[in-house]
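Computed from a predicted structure; not experimentally measured. Letters A, B, ... mirror the listed sequences (proteins, then strands); counts begin at 1.
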Number of protein chains: 2
Amino acid sequence: MENTREIFQIMTRRFGLLNKSCCSAGGIDISLIQSHILYEIDHQHKPSVQKVAEALDTDITTFSRQIQSLIKMNLVKKTPDPDDRRVYVLSLTTEGAFVAASIDQQINAYLNEIFSQMNEFEKDTVIRSIKLLNDAMAKSSVCCTSPMG
Amino acid sequence: MENTREIFQIMTRRFGLLNKSCCSAGGIDISLIQSHILYEIDHQHKPSVQKVAEALDTDITTFSRQIQSLIKMNLVKKTPDPDDRRVYVLSLTTEGAFVAASIDQQINAYLNEIFSQMNEFEKDTVIRSIKLLNDAMAKSSVCCTSPMG
DNA sequence: TCAAATAATTGCAAAATGCAAATATTTAAG
DNA sequence: CTTAAATATTTGCATTTTGCAATTATTTGA
């Protein structure tokens, strides 16, 4: 258990680099944070501004401005919620969905390349392990439980 | 393979949150980036300013200033390299080493809590899987190979 | 011996951050 | 009902962070 953190540190940093480098799609440059926002909007069901900000653990005022940029870039749409007019619902524009899909594709291509170095059994084991880990983290009381399914 | 990215995204974001929340030690508040810098200095052998900046994929000028803050906080020391006087070698002060160890401990405590939900076999499998993953990523040509062992 | 290369720092202007306050709307209590 | 408290989002503003271009100091190689 001594160097457990170390292997996690290496892993998460590599994925961080991956995300960092994977932020250009169709001539549009996207910051790392913007990429995360697009991903999150894409994966939540009609999320409010607050929901996405929480999921990404970002200050709501900062997030509000980040959304403004994405709207200016025509990647995100903000629609008033008819049930509660304080709330704005976020969604991707056609262009935003395209960019998100493109980034997704780039990252999956990288993951596929990584997994191509393993046999089927190893690959299954690794994927099952990560799911196990995610479940365990979701149950943990110490940290980081609240957002994300 | 469809949702492979998704499980990685969840995992890395959870660890990101963990790091974010684990950045206070002995009354000293540390930013996420500062925590990564301390970790990296601690794990490299007499690294130069440039080496650490590269490992963390940070712009060298930004990094130079981050080091300046850490020196002001008395967590990092900068020593001229006798072999090449353009170079400065970074190391942790006693206090910096203490802070780094404390953060390490907090993160390991969290990891232990997570693993306590698994049996020995699962735990071994998960750890072996992550090592496998790290090796595969290190070999990959697509992305993110250069820094880090 | 001197021009090119390298390591690190600084100037500066642009971008990101987050607290406090403002706005708009909803909820709940009397 | 009416109105005060609560909630969702946005803006004002001051601070911090960022990164390109230029600078300094040193080393390397022709």
Side-chain angles (χ1 to χ4, degrees), chain A residues 16-17 19-21 23-24 28-38 40-41 44-73 75-91 146-147, chain B residues 13 16-17 19-21 23-24 28-38 40-41 44-73 75-92 146-147:
Chain A
L17 283 183
N19 276 317
K20 230 178 189 173
S21 68
C23 292
S24 176
I28 301 168
D29 272 336
I30 298 287
S31 79
L32 178 59
I33 300 153
Q34 289 173 334
S35 149
H36 279 286
I37 295 174
L38 295 183
E40 205 56 40
I41 293 176
Q44 286 192 28
H45 176 67
K46 300 259 172 207
S48 68
V49 172
Q50 200 167 50
K51 272 279 164 58
V52 181
E54 256 169 36
L56 297 173
D57 194 40
T58 313
D59 180 89
I60 184 86
T61 70
T62 300
F63 185 77
S64 172
R65 275 180 270 246
Q66 282 164 344
I67 289 296
Q68 284 169 37
S69 330
L70 286 168
I71 289 173
K72 258 188 210 131
M73 294 168 79
L75 300 176
V76 166
K77 236 181 335 194
K78 211 177 64 180
T79 320
D81 182 338
D83 295 336
D84 184 341
R85 288 189 305 180
R86 291 170 303 179
V87 174
Y88 285 88
V89 164
L90 299 174
S91 58
S146 37
Chain B
R13 196 171 299 156
L17 283 182
N19 276 318
K20 230 178 190 173
S21 67
C23 293
S24 176
I28 301 167
D29 272 338
I30 298 287
S31 79
L32 178 59
I33 300 152
Q34 290 173 333
S35 149
H36 279 285
I37 295 174
L38 294 183
E40 204 57 39
I41 293 176
Q44 287 192 27
H45 177 67
K46 301 259 172 208
S48 67
V49 172
Q50 199 167 51
K51 271 279 163 58
V52 181
E54 255 170 36
L56 297 172
D57 195 41
T58 313
D59 179 90
I60 185 85
T61 70
T62 300
F63 185 76
S64 171
R65 276 180 269 247
Q66 282 164 344
I67 289 297
Q68 285 169 35
S69 330
L70 287 168
I71 289 172
K72 258 187 212 132
M73 295 167 80
L75 300 176
V76 166
K77 236 182 337 195
K78 210 177 65 180
T79 320
D81 183 337
D83 296 335
D84 185 338
R85 288 189 306 181
R86 290 170 303 180
V87 173
Y88 286 88
V89 163
L90 299 174
S91 58
L92 300 182
S146 38

Output for pair (L90(A) CG, Q44(A) CD), nearest 0.5 Å, gives 9.0 Å

Nearest-Å distance for atom pair CD/P, residues Q34(A) and dA15(C) = 12 Å

In terms of side-chain heavy atoms of Q50(A), which of dG18(C), dA8(D), dT10(C) is nearest?
-> dA8(D)

Examine dT10(C): is either OP1 or OP2 under 4.0 Å from a nitrogen or oxygen in the side chain of Q68(B)? Give yes or no.
-> yes

Does F63(B) CZ have over 12 foreign heavy atoms under 6.0 Å away?
-> yes

In whole angstrom, give the distance that lies between atom CD1 of I30(A) and atom P of dA15(C).
-> 16 Å

I67(A) has an atom CD1; how far is it from atom P of dA15(C), in whole Å?
-> 18 Å

5' precedence on DNA chain C between I33(A) and P82(A) (nearest-nucleotide basis) = I33(A)

K77(A)/I71(A) under side-chain contact (heavy atoms from CB on, under 4.5 Å): CA gap, chis, key distance, verdict = CA-CA 6 Å; K77(A) 236 181 335 194; I71(A) 289 173; over 6 Å; no

Out of dT11(D), dT17(C), dT9(D), whichever nucleotide has its closest atom nearest the side chain of I60(A) = dT9(D)

To the nearest Å, give me how far apart CG (D59(B)) and P (dC12(C)) are.
-> 18 Å

Nearest-neighbour nucleotide for the R65(A) side chain, dT10(D), dT11(D), dA8(D) considered | dT11(D)

Would you indicate what S48(A) reaches in the nucleic acid, counting non-hydrogen atoms under 4.0 angstrom: base, sugar-phosphate, or nothing?
-> sugar-phosphate

Atom CG of L32(B) and atom C1' of dT16(D): how far apart are they, to the nearest Å?
-> 16 Å

For L75(B) and I30(B), run side-chain contact (heavy atoms from CB on, under 4.5 Å): C-alpha distance rounded to whole Å, both residues' side-chain angles, the deciding distance at 0.1 Å, then the answer.
-> CA-CA 10 Å; L75(B) 300 176; I30(B) 298 287; 3.6 Å; yes

Without hydrogens or angle criteria, can the side chains of Q50(A) and E54(A) be said to hold a donor-acceptor pair below 3.5 Å?
-> no

dA8(D) P sits how many Å from D83(A) CG, rounded?
-> 14 Å

Among dT10(D), dT26(C), dT10(C), the nucleotide that comes nearest once only the side chain of D84(A) is considered = dT26(C)

When you check the phosphate oxygens OP1 and OP2 of dT18(D), does a side-chain N or O of T62(B) lie under 4.0 Å from one of them?
-> no

Nearest listed nucleotide, side chain of V87(B), among dA8(C), dT11(D), dA8(D) | dA8(C)

Touch class at under 4.0 angstrom, heavy-atom based, for K51(B) against every strand present | nothing

Nearest to side-chain heavy atoms of R86(A), which nucleotide of dT10(D), dT25(C), dT17(C) = dT25(C)

Would you mind reading off the distance between F63(B) atom CZ and dT10(C) atom P, rounded to a whole angstrom?
-> 15 Å

Would you indicate which nucleotide in dT18(D), dT9(C), dT17(C) comes nearest to any side-chain atom of Q66(A)?
-> dT17(C)

Atom CZ of R85(A) and atom C1' of dT27(C) are separated, to the nearest Å, by 15 Å

